[in-house]
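Everything on this sheet refers to the single structure shown next.
All ligand and atom numbering here is 1-based and tracks the order in the structure.
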Amino acid sequence: MQIYINGTFYSKNDAKISVFDHGLLYGDGVFEGIRVYSGKVFRLKEHLDRLYESARYIMLNVPLDHKKMTEAVIETVKKNKLADAYIRLIVTRGTGGLGLDPFKCEAAQVIIIVDKIQLYPEAMYEHGLEIISSSILRTPESSFSPRVKSLNYLNNIMAKIEAVHAGVPESLMFNADGFVVECTGDNIFAVSNNEIFTPPTSTGILEGITRDCVIDIARNLGYTVSEKLLTRHDLYTADELFLTGTAAEVIPVVLLDKRPIGNGKPGAITLGLVKAFKELTKREGLPAL
Ligand code: PXG
């Protein structure tokens, strides 16, 4: 494995950064998770756009421009020779002192890791997964923009701990108004009467790139897709539920809080979208190998 750190490649054992990096000390930084399918990087431009927007929100100067970052990602994929892979692109605030002030840090650090990923076992894509409602509310915009993909995931990690304690792979987060937001690393969709619904950005979601893809795919297949405020009621009574995310792709949810969704089996619309998304990942992408 060859890991990119600020323009130099290191083996896994030699890839190290300072313990004074504010990415470690304070979770001060941003990241992206990106997939490589059949040697092509999926939706790289969209991921980089979100990375730069996240960085801008936290006033972090990314030392590479969009073009140079694209080249760095492609070069790292090439060096690792993995046709199907997961790219973790991280920009940390850099090395500083033991104090919060980000402006006292030296230059931001860029790290690119390319590795294999499988979030859920294959059977879950066929049979669906079980999730619970979390008691942890998603970070409100008034505290920190949930649209920023930052290195501080403790809000979501608290909700993930609840899921693990309940013996399920994911948990669903709500906002302070009681509306459905998203899971700890995935966006959520509901299907009711053959129409597809997903919470709007204003509820406090991370605007998923897979979410956007799936909205486009579903509309192209002729479905009506709307952004709508959803409550627990809407999900408990939905015909189908599914999650979307870079790591999870599109995956059916069949149990929420032990309650079967629809007939308790993955629905036809969801399974159609799982397949259509897989097909899209084979067709699209920036060639890297
Ligand atoms: N919501 C949250 C909170 C996320 O972290 C998504 C939605 C889906 O966004 P994308 O753009 O991926 O469709 C995410 C993304 C991981 C991992 O290591 C998590 C994500 C992405 C890649 C890897 O668990 N979360």
ask   = Pairs in or reaching into residues 133-182: which pass ring pair (Phe, Tyr, Trp, His ring centres under 6.0 Å), with residues at least two apart or in two chains?
value = F31-Y153, Y57-F144

task = Return the minimal non-hydrogen interatomic distance between P199 and I205, and the atom names on each side.
result = O-CD1, 4.0 Å

ask   = Between E130 and P169, what is the shortest heavy-atom contact and its length?
value = O-CD, 3.2 Å

Residues 111-119 side chain polar contacts: donor-acceptor under 3.5 Å, at least two apart:
residue, atom, partner, partner atom, Å
K116, NZ, D84, O, 3.1
Q118, NE2, Y120, O, 3.2

Pair up each side-chain donor or acceptor in residues 239-246 with any protein partner under 3.5 Å, not counting sequence neighbours, and list the distances.
residue, atom, partner, partner atom, Å
D239, OD2, N193, N, 2.8
E240, OE1, I269, N, 3.4
E240, OE1, T270, N, 2.8
E240, OE1, T270, OG1, 2.6
E240, OE2, A268, N, 3.3
E240, OE2, I269, N, 3.3

Anything under 3.5 Å between an N or O on ligand 1 and a protein N or O? List each pair with its distance, or write none.
residue, atom, partner, partner atom, Å
ligand 1, 1 (N), E182, OE1, 2.7
ligand 1, 5 (O), K149, NZ, 3.4
ligand 1, 5 (O), Y153, OH, 2.5
ligand 1, 11 (O), R50, NH1, 2.8
ligand 1, 11 (O), R50, NH2, 3.0
ligand 1, 11 (O), I209, N, 2.7
ligand 1, 12 (O), T246, N, 2.9
ligand 1, 12 (O), T246, OG1, 2.5
ligand 1, 13 (O), I209, N, 3.3
ligand 1, 13 (O), T210, N, 2.9
ligand 1, 13 (O), T210, OG1, 2.6
ligand 1, 18 (O), R88, NH2, 3.0
ligand 1, 25 (N), K149, NZ, 3.2
ligand 1, 25 (N), G185, O, 3.2

query = Within 45° of the axis and under 6.0 Å from the centre of the six-membered ring of F9, does NZ or CZ of K79 qualify?
reply = yes

